[in-house]
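Start at 1 and go down the list; that is how both ligands and their atoms are numbered. Because the structure is predicted, anything quoted here is derived from the model rather than measured.
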Amino acid sequence: MLNLDRSREVFKAAKKLMPGGVNSPARAFGAVGGDPIVMERGEGAYLYDIDSNRYIDYIGSWGPMILGHCNSQVVQAVEKAVHNGMSFGAPTAAENRLAELIIEMVPSVEKVRLVSSGTEATMSAIRLARGVTGRDVVIKFAGNYHGHVDSLLVAAGSAAATLGVPDSPGVTAGCSQDTMVIPYNDPLALSKAFGDHGARIAAVIMEPVVGNMGCVTPSDEFLKAVRGLTHDNDALLIFDEVMTGFRVAVGGAQQLFGMTPDITTLGKIVGGGMPIGAYGGRRDIMDHILPAGDVFQAGTLSGNPLATAAGIATLEQLQDPDIYSRLEKMSARLEQGLTKAASDVGIPHTTNRVGSMLTLFFNPQPVLRWEHAAECHTKAYSKFFWGLLQRGVYFPCSQYEALFVSAVHTEEDIDRTIAAASESLAELAASSVCAT
Ligand code: KE4
């Protein structure tokens, strides 16, 4: 058994200081039970907790750490920048460099605005779409998460294509009334929504590969429908690539699928682990943003010198195509190993993978939308998760999160992970959990 004494002690104190003892609910282990592990440092593909246990890390800070922890070029870039000052609130040449890299690497982006989180990026993109079109309604998809934007914290109304209802206390009906939630991978539902409300729809926002109900891939028909219906109804298509940007391909999902959204939101990898978000798109759309245009958006630490240094050092390294072929090789090896391990002990499962983001679902049926994901055996996942953790492997602490392979995970790491998964799945198969 892992010694987690100090972790427990620190987390107990944390709960007196911060709501739930954490600064983001995703890391609270709410979906798997037990206390979260208090981490002390990361190095390459590994995390070390404050009890000096080592884990092969597949969360990677929920996506940003595609180059692994403490990448030397990123660390050196931040170390260099910090001696020039932490923040000026004035333009810097580094912001030009990061903007140039984003424009060069993300096919649909001609101009970009840097912000400090993915939530800020999606919140701004929604405001921009409403400002440009003069329309109010935004369509999102069940099981897609776009950060804690009031107008996007919305559950599907009773008949799926009705306007949304607040999904959190504090989100008012006024905020949610212009948000429509429909099923992902359902072109007919989207077509009906446009048929009923087309002239009022400002934008459709989507995760072009979903990470937030576990990894779910869009069908070709669905992708054609979102692009065709938004175009034909003069609405804007927003690809929320906060997770998929620079992850599923160097140019994100839009490059992988050959799609051209009108606005793209970015986060996570674009900051290399430092707080950065970004939104960008066609020049004529982005020039609506203040001070070029009249759609308001601002931020004290937007384009922060340390964050831009980390982002530049990260994106410059990701221009090496060998990184993505290596990510594909390691991720395919992991997927095959997990699938075999689950099949060998007769555990009902399915896997979805796009590049280096993947999910092992405890569900025998294909998972194409939230209704399917909601049928997963989450108790089985929780037992699997803790079995892995006890064996030094750190998977996402929820069935509804994608796992991430980094460029520094080795074949040995993958094989050790598969061996740990085989043991954990065998334990699960032999337990009463699977009988339920
Ligand atoms: P942030 O505000 O957390 O930087 O980004 C929000 C966001 C926007 N869009 C997508 C597709 C996202 O996945 C996210 C954030 N992802 C979660 C994990 N699935 C972040 C983890 C957390 O909230 O602690």
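Close contacts of ligand 1 with A26, meaning ligand atoms under 4.0 Å from a residue heavy atom, involve 21 (C), 22 (C), 24 (O). Atoms of ligand 1 found under 4.0 Å from any heavy atom of E207, numbered from 1 in the order shown, are 11 (C). Of all the atoms in ligand 1, the ones that sit under 4.0 Å from a non-hydrogen atom of M243 are 13 (O), 19 (N). Applying the 4.0 Å criterion to heavy atoms of W62 picks out, from ligand 1, the atoms 21 (C). Distances below 4.0 Å separate heavy atoms of T119 from the following atoms of ligand 1: 1 (P), 2 (O), 5 (O), 6 (C).
Between G118 and ligand 1, a contact under 3.5 Å exists for at least one N or O pair.
Ionic pairing of D136 and R200 is not present here: no N-O contact between side-chain nitrogen and carboxylate oxygen is shorter than 4.0 angstrom.
Residue pairs meeting the ring-ring contact (aromatic ring centres under 6.0 Å, His included) criterion with at least one member in residues 6-43, sequence neighbours excluded, are F29-F385, F29-W386.
The two residues L290 and R113 make their nearest non-hydrogen contact at O-NH2, 2.8 Å. Contact record, C376 with N363: SG-CB, 3.6 Å, taken as the closest heavy-atom pair.
Of the N and O atoms on the side chains of D413 and Y46, at least one donor lies less than 3.5 Å from an acceptor on the other residue. Judged by distance alone, the side chains of Q254 and S108 do bring a donor and an acceptor atom under 3.5 Å apart. No donor-acceptor contact under 3.5 angstrom links the side chains of E241 and T264, judged on distance only.
Atom 8 (C) of ligand 1 has H146 C, 3.4 Å as its closest protein atom, hydrogens excluded (heavy atom only). G147 CA, 3.5 Å is the protein heavy atom nearest to atom 6 (C) of ligand 1. The single protein non-hydrogen atom nearest to atom 9 (N) of ligand 1 is D240 OD2, 2.7 Å, given as residue, atom name and distance. The protein non-hydrogen atom at the shortest distance from atom 18 (C) of ligand 1 is E401 OE1, 3.5 Å. Given atom 24 (O) of ligand 1, the protein heavy atom at minimum distance is S24 OG, 2.6 Å. Atom 19 (N) of ligand 1 has as its closest protein heavy atom N212 OD1, 2.5 Å.
Ring pair Y55/Y394 is tilted by interplanar angle, where 30° to 60° counts as tilted.
Take W370 and apply the ring pair (Phe, Tyr, Trp, His ring centres under 6.0 Å) test, not counting sequence neighbours, and it matches Y400.
Remark: distances from the non-hydrogen atoms of K268 to ligand 1 include one below 4.0 Å.
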